[in-house]
Amino acid sequence: MSDASAKPPRHFGPEIQGAIYLRGLSGAKPEIPTSFTGLEAAAQQKMTSEAWAYTAGAAGLESAMAANRAAFDKYPIAPRMLGGAGVRNLETEIFGAKSAAPIMTCPIGVLEMMHPDADLAVARATQRVGVPMIISSQASFPMEEIAKANGDGERFYQLYWGKSDALAESFVKRAEAIGCKAIFITLDTTALGWRPRDLDIGYMPFLRSQGIAQYTSDPVFRAMLPQTPEENPQAAAFQFTQIFSDPGLDWARIAKIKSWTNLPIVLKGVMRGDDAARAVGEGFDGIVVSNHGGRQVDGGIGALEALPDVVAAVNGRAPVLFDSGIRCGADVFKALALGASAVCIGRPYVYGLALAGDSGVQTVLEYLAAELDFTMALTGCRTPKGIKKDILHLR
Ligand code: FNR
């Protein structure tokens with residue numbers, strides 16, 4: 001990413017809103033709907049039924065996904081007037097990466113189901129907006145190609161730690177070589193959740209060789225195969241299913257990562273204060289409060305409900321990030337008010353990707369930053385750090 005401090009910070013709100021109304025003078029309407037409900041409905045029209053089931057679905061009765069949204073209603077904003085926030089600066093630095101706003105893209109697998117450019121589109125879009133991307137272990141392109149598309153953008157790598165430590169180590173070394181500034185270990189997917197929308201159509205993308213490009217491009221994985229993935233894609237897909245996750249993963253295993261790299265290690269999927277305290281106590285460098293968008297444990301609490309406990313347990317010793325349920329700028333604002341250093345955007349950018357490739361992802365991220373910027377202007381907050389808990393009406 002270009003040096004954000006060299007340029008004045010973007011005032012996303014007036015810039016994006018102004019451009020829409022200006023184009024409207026000649027009759028043009030935004031290609032990407034500006035509300036989440038409009039975005040989701042338009043994307044559903046465009047997506048295949050398999051892609052829609054995979055993206056929009058969640059575990060079991062989908063109660064944890066519903067809880068994610070309900071949690072935001074528990075923390076309404078009580079706007080403060082006359083705060084003098086005429087000049088705002090949304091820039092944020094996180095794990096040594098500079099960002100134009102306190103947002104980044106979540107790692108999302110199998111994006112080729114939504115658009116052929118998949119992760120390459122996300123890489124280009126995040127670079128243009130100036131926010132980091134988290135490259136998924138289940139990406140549709142090898143991380144080296146994604147990094148190329150991302151150019152001087154900021155990037156992190158998300159690791160699924162499966163049955164093979166040697167493969168996990170190889171992924172970490174590759175991520176370091178392509179300039180990722182932190183490794184996010186996703187803890188909540190040591191087995192694939194029970195997802196009725198996918199089960200009922202019998203659709204498992206990985207078995208069709210979708211979303212396994214990090215594996216088929218990896219020397220350690222390739223050495224596990226009798227033939228190359230090019231010669232025998234079915235055998236590669238089957239081998240992937242044998243090793244991709246491991247419910248036996250524990251604290252002792254993941255501690256090994258510190259002998260493989262000096263990059264910051266962030267634990268994604270922490271939902272309890274005691275786990276967060278242990279993570280920091282064992283020397284991990286950051287936490288993402290997340291329930292994977294409700295896709296793993298049905299019946300679970302909403303992710304935002306877990307955020308205050310985790311922030312209290314971490315007590316300033318490491319950055320706490322947040323995802324799961326963010327749909328608009330006010331949601332970002334609430335997570336920051338509850339102590340998140342930055343948030344990760346999930347399904348909304350996937351819908352932008354489905355609608356318009358890289359420009360769709362860029363537009364969705366800019367809308368979110370614009371709404372956040374206006375929420376800050378209208379509540380007297382000049383910087384993300386200036387958004388304090390007392391701006392929320394805590395019942
Ligand atoms: C995900 N998520 C995810 N997480 C991860 O660590 N690696 C991955 O490959 C994926 N893949 C993935 C695919 C799809 C289709 C979805 C919707 C989610 C979880 C993701 O990073 C994030 O935690 C959630 O998307 C947050 O929830 P919302 O805000 O999208 O509802």
Side-chain angles (χ1 to χ4, degrees), residues 36 39-40 43 47-48 50-59 62 64-72 103-115 118-119 122 132-141 143 146 156-162 171 182-190 192-193 195 197-198 203-206 210-215 240 244-245 266-271 287-297 300 302-304 306-307 321-328 331-332 334-335 340 343-354 364-365 368:
F36 178 74
L39 172 70
E40 184 181 42
M47 290 162 84
T48 63
E50 291 84 6
W52 174 252
Y54 183 64
T55 309
E62 305 193 338
M65 182 164 68
N68 283 343
R69 287 302 311 149
F72 284 93
I103 62 176
M104 64 188 81
T105 51
C106 286
I108 300 254
V110 210
L111 290 175
E112 70 205 84
M113 291 175 80
M114 332 309 170
H115 192 281
D119 317 270
V122 181
M133 95 177 272
I134 309 174
I135 299 171
S136 169
S137 271
Q138 299 319 131
S140 298
F141 290 92
M143 62 181 99
I146 299 171
F156 305 125
Y157 183 73
Q158 174 265 320
L159 176 70
Y160 278 138
W161 193 314
F171 283 165
I183 305 291
F184 287 56
I185 310 177
T186 298
L187 305 181
D188 57 25
T189 309
T190 53
L192 202 62
R195 300 182 188 161
R197 293 203 217 187
D198 296 330
Y203 197 90
M204 219 279 207
F206 313 116
Q210 295 176 310
I212 59 171
Q214 307 301 9
Y215 299 78
F240 163 79
F244 125 89
S245 62
V266 184
L267 301 186
K268 174 174 184 277
V270 171
M271 286 288 288
I287 282 170
V288 186
V289 172
S290 165
N291 68 3
H292 212 103
R295 299 160 73 78
Q296 289 296 99
V297 179
L304 199 71
L307 182 57
L321 278 62
F322 175 84
D323 77 36
S324 293
I326 293 201
R327 300 293 177 261
C328 62
D331 294 344
V332 179
K334 290 177 183 185
V343 304
C344 314
I345 309 302
R347 290 178 174 101
Y349 89 77
V350 180
Y351 297 144
L353 174 71
V364 166
L365 295 173
L368 281 156

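Both counts, for ligands and for their atoms, begin at 1 and track the order of listing.
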J.: What's the shortest distance from atom 2 (N) of ligand 1 to any protein heavy atom, and which residue and atom give it?
T.: H292 NE2, 3.2 Å
J.: Specify side chain, backbone, both or neither for P107, according to which of its non-hydrogen atoms lie closer than 4.0 Å to ligand 1.
T.: both
J.: Ligand 1 versus F184, non-hydrogen atoms closer than 4.0 Å: side chain, backbone, both, neither?
T.: neither
J.: Counting heavy atoms only, which part of K268 comes closer than 4.0 Å to ligand 1: side chain, backbone, both or neither?
T.: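 It is the side chain that touches ligand 1; the backbone stays farther off.
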J.: Among all residues two or more places apart in sequence or in another chain, which pass the ring-ring contact (aromatic ring centres under 6.0 Å, His included) test with F171?
T.: Y215
J.: If we only count N/O pairs under 3.5 Å, is Q158 in contact with ligand 1?
T.: yes
J.: If we only count N/O pairs under 3.5 Å, is G109 in contact with ligand 1?
T.: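 Yes: some nitrogen or oxygen of G109 is under 3.5 Å from one in ligand 1.
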J.: Can you find a non-hydrogen atom of S137 under 4.0 Å from ligand 1?
T.: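 Distance cut 4.0 Å: S137 fails for ligand 1.
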J.: Taking the cut-offs as 6.0 angstrom to the six-membered ring centre and 45 degrees off its axis, would you call R295 and Y54 a cation-pi pair?
T.: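 Yes, R295 and Y54 form such a contact.
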J.: Backbone N or O of S140 within a donor-acceptor pair of the Q210 side chain at under 3.5 Å?
T.: no
J.: Using a 3.5 Å cut-off on N or O atoms only, is G325 in polar contact with ligand 1?
T.: yes
J.: If you apply the rule salt bridge (Lys or Arg N to Asp or Glu O under 4.0 Å), what do you find for E40 with R327, and how did you get there?
T.: CA-CA 10 Å; E40 184 181 42; R327 300 293 177 261; over 6 Å; no
J.: Looking at atom 9 (O) of ligand 1, what's its closest protein heavy atom, distance included?
T.: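 Going atom by atom, the protein heavy atom closest to atom 9 (O) of ligand 1 ends up being S136 OG, 2.8 Å.
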J.: Do R69 and D331 meet the salt-bridge criterion of a basic N to acidic O distance under 4.0 Å?
T.: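 R69 and D331: salt-bridged.
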J.: Looking only at heavy atoms of M65, does any of them come nearer than 4.0 Å to an atom of ligand 1?
T.: no
J.: Evaluate side chain to side chain contact (heavy atoms under 4.5 Å, CB included) for M271 paired with V289, printing each intermediate quantity in order.
T.: CA-CA 6 Å; M271 286 288 288; V289 172; 4.3 Å; yes
J.: Yes or no on side chain to side chain contact (heavy atoms under 4.5 Å, CB included) for F156 and V266, after CA distance, side-chain angles and deciding distance?
T.: CA-CA 10 Å; F156 305 125; V266 184; over 6 Å; no
J.: Got the closest protein heavy atom to atom 15 (C) of ligand 1, with its distance?
T.: R295 NH2, 3.4 Å
J.: Starting from atom 5 (C) of ligand 1, find the nearest protein heavy-atom neighbour and note its residue, name and distance.
T.: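 Protein heavy atom with the smallest distance to atom 5 (C) of ligand 1: Y160 OH, 3.2 Å.
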J.: Under a 4.0 Å heavy-atom limit, does S290 contact ligand 1 with its side chain, its backbone, both, or neither?
T.: side chain
J.: Check the orientation of F36 and Y351. Use parallel for under 30°, tilted for 30 to 60°, and perpendicular for over 60°.
T.: tilted
J.: Judged by atom type as modelled, is there a donor-acceptor pair below 3.5 Å linking the side chain of Q214 to the main-chain atoms of Q138?
T.: no
J.: Considering distance alone, does some N or O of R347 sit under 3.5 Å from an N or O of ligand 1?
T.: yes
J.: State which residues pass ring-ring contact (aromatic ring centres under 6.0 Å, His included) with Y160; sequence neighbours excluded, sorted by chain then number.
T.: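 So Y160 forms a ring-ring contact (aromatic ring centres under 6.0 Å, His included) with F244.
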J.: Please identify which atoms of ligand 1 are closer than 4.0 Å to at least one heavy atom of R327.
T.: 28 (P), 29 (O), 31 (O)
J.: Do Y54 and ligand 1 have an N or O pair less than 3.5 Å apart?
T.: no
J.: Tell me whether Q138 has any N or O atom under 3.5 angstrom from an N or O of ligand 1.
T.: no
J.: Below a 4.0 angstrom heavy-atom separation, can you tell me which part of T186, side chain or backbone, both or neither, approaches ligand 1?
T.: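 The answer is the side chain.
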J.: May I have the step-by-step check of side chain to side chain contact (heavy atoms under 4.5 Å, CB included) for N291 and D188, ending in yes or no?
T.: CA-CA 7 Å; N291 68 3; D188 57 25; 5.9 Å; no
